[in-house]
Amino acid sequence: MRRAVAAYLFPAPRRVALSNLAPHYFLNAFRDSHGLDLLFEGEERSLLDRRRPGEFAVIFVGLSYEPSYLNFARYLHLHGIPILKKDRSAGKFPRIIAGGVAASLNPRPLLDICDAVLCGEAEPMHGDLTALLDDPAAIRELVAGIGYAAKPGKKTTIIQASAGSFAVSSHPDLAKEGNEFGGRTVLEIDRGCVGNCFFCAARHLYGESREADRHRITHAAEGAFKRGEDIALLGTGLESVSYFDDLLDRAIAAGRTVSLSSVRIAGFTPERASRLAAAGVKTVTLAPESMVAATRTRIGKPLTDDALFAAFAIAKEHRFKVKLYLMAGLPGGDSVAEAQELIAFFTELKKRKLTVPLSLSVSPFCPKPGTPFHKKQLMPKKEYERFRSAAMRGIGELMPRMPVEWFSWRESLLQVAFDRMDAAQGAAFLAAYADGGDIRSAEKRSGIRLDDLSG
Ligand code: SF4
């Protein structure tokens with residue numbers, strides 16, 4: 001059987017996978033040249049050519065979130081592909097090349113599983129990826145010469161696209177598949193960040209803010225408007241992008257609407273809020289991380305309480321809903337005091353008559369590799385639960401109808417554990433998980449306790 005050359009696997013259900021821009025980038029970059037196709041969790045065959053995973057010579061896998069390693073391991077197992085690279089003989093099984101944010105943060109647990117783990121952003125890899133696809137049989141040898149391919153015992157090099165050299169947006173051919181942005185065309189307009197928060201990998205791994213190519217992004221936005229589609233803008237510091245306001249103005253002129261990943265509070269000015277409202281933005285996401293000013297300063301996000309109240313005043317004036325993102329268990333913080341300050345903030349918000357339709361999302365702080373906080377601890381589960389009960393008691397009295405989302409502590413544990421595993425641990429744990437699909441039995445069978453990696 002002749003092998004189809006390449007597929008890109010994002011180990012999540014199709015709709016979730018296509019809400020990430022990586023499959024769109026790969027389809028755009030390698031469909032015409034190498035017939036690249038897309039694979040999704042829970043589907044037997046590829047999206048376009050209806051091939052089984054084992055028919056491809058190369059499978060790229062995008063691992064942007066550590067818990068998705070579990071789905072990836074299961075996917076290989078369920079499709080009859082051995083999980084360990086030593087068990088995949090040449091020519092019989094696909095070569096597997098991993099990339100993505102999580103894999104770049106700590107490639108080590110994937111080293112005995114994948115034939116290559118490439119760290120960084122895809123655009124500057126294009127020449128090397130083309131060479132690998134041209135000669136899949138030589139992948140292991142070719143990878144040895146790639147500087148940003150992770151190697152055992154060596155410090156990871158992360159390759160970045162230069163400012164203006166990238167412009168990723170939804171592939172128009174995939175529009176009918178839908179996404180988690182209400183079917184909008186998604187445009188990524190910046191990477192890195194102008195902020196300097198000590199917990200955040202965006203800044204510490206991906207550096208200072210870099211804007212996507214203005215011309216290509218504008219062209220993609222105008223294309224979406226012509227097709228009658230609205231747009232969603234993704235990035236880490238949207239409002240600092242030099243052509244952000246211009247994109248909003250274009251959407252307004254075309255009678256289309258915009259949604260945003262989040263806005264930094266410093267850039268949420270009255271003038272910008274008017275533009276956002278005119279562009280149909282209904283919800284703004286604000287991420288102060290903590291309601292304690294001293295904690296915010298300690299984590300490198302020195303926002304004053306006044307700046308926060310000012311943001312709520314602007315949101316109220318323009319009738320925005322606000323999604324508030326907080327972290328529990330930030331280094332040096334005290335959970336009980338943090339929960340009390342959260343309630344005190346909502347109390348003050350009410351007193352100042354600044355309440356708006358509000359939802360709250362809380363996740364446990366995860367120490368990320370490459371950041372100044374990488375050696376800090378994940379808060380114990382019991383403490384997270386204490387924080388949750390204290391916060392919910394106060395919220396229940398003050399704002400009983402406010403939707404509150406508590407991110408799973410267990411998923412945070414998986415993030416921290418995979419961010420700290422070495423090659424042998426990654427191989428043992430994921431091979432055990434692939435077999436049974438159960439975390440506890442994978443811990444037992446591999447002898448690796450996730451809790452032991454979180455301290
Ligand atoms: S948390 Fe937000 S503002 Fe801070 S560095 Fe990360 S992306 Fe930038």
Side-chain angles (χ1 to χ4, degrees), residues 20-22 64-66 100-102 104-106 120-121 158 160-161 163 166 168 186-212 232-242 244 259-269 272-273 276 281 283-305 307-308 310-311 314-315 322-333 338 360-374 376 378-379 405 407 412 415-416 419:
N20 188 293
L21 282 176
S64 57
Y65 182 51
E66 294 83 346
V101 176
S104 301
L105 284 172
N106 178 25
E121 297 169 8
I158 298 203
Q160 293 172 358
F166 60 95
V168 192
V186 183
L187 307 148
E188 182 198 29
I189 66 171
D190 75 325
R191 292 180 189 165
C193 190
V194 289
N196 194 15
C197 310
F198 303 149
F199 60 88
C200 178
R203 167 65 193 203
H204 292 278
L205 282 169
Y206 293 104
E208 291 184 5
S209 174
R210 287 162 288 140
E211 294 185 1
L233 301 179
L234 296 190
T236 42
L238 298 179
E239 76 302 323
S240 65
V241 172
S242 60
F244 176 65
S259 81
L260 309 173
S261 47
S262 68
V263 280
R264 289 183 330 118
I265 290 166
F268 188 49
T269 59
R272 178 151 295 119
L276 292 174
V281 172
T283 304
V284 287
T285 301
L286 304 176
E289 319 298 353
S290 164
M291 302 322 284
V292 180
T295 305
R296 295 195 293 269
T297 302
R298 203 168 44 246
I299 62 171
K301 215 174 208 187
L303 276 172
T304 62
D305 286 347
L308 268 175
I314 295 171
V322 173
K323 253 192 195 173
L324 199 60
Y325 272 92
L326 299 180
M327 281 190 206
L330 282 160
E338 293 275 338
L360 175 66
S361 292
V362 186
S363 60
F365 155 74
C366 291
K368 287 286 164 195
T371 69
F373 285 168
H374 71 283
K376 302 289 184 194
L378 172 69
M379 76 195 300
E405 180 184 21
F407 282 79
S412 300
Q415 285 188 56
V416 179
D419 283 344

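In listed order, ligands and their atoms are each counted from 1.
- The nearest N, O or S atom of Cys197 is closer to atom 4 (Fe) of ligand 1 than 2.8 Å.
- The pair Lys368-Glu66 counts as a salt bridge, with a side-chain nitrogen and a carboxylate oxygen less than 4.0 angstrom apart.
- Here Arg191 pairs with Glu121 in a salt bridge; the nearest charged N to carboxylate O distance falls below 4.0 Å.
- Note: Phe198 and Phe373 have perpendicular aromatic rings, judged against thresholds of 30 and 60 degrees for the angle between ring planes.
- In the displayed structure, Glu208 atom CD is contacted under 6.0 Å by at most 12 heavy atoms of other residues, nucleotides or ligands.
- In this structure, atom 6 (Fe) of ligand 1 lies nearest to the protein heavy atom Cys200 SG, 2.3 Å.
- Cys193 SG, 2.2 Å is the protein heavy atom nearest to atom 8 (Fe) of ligand 1.
- In this structure, of Lys301, Arg203, Met327, Arg191, the residue bringing a heavy atom nearest to atom 2 (Fe) of ligand 1 is Lys301.
- In the vicinity of Phe199, heavy-atom distances shorter than 4.0 Å reach the ligand 1 atoms 1 (S).
- Of all the atoms in ligand 1, the ones that sit under 4.0 Å from a non-hydrogen atom of Arg264 are 3 (S).
- Salt-bridge annotation for Arg264 and Glu239: present, with a side-chain N of the basic residue lying under 4.0 Å from a carboxylate O of the acidic one.
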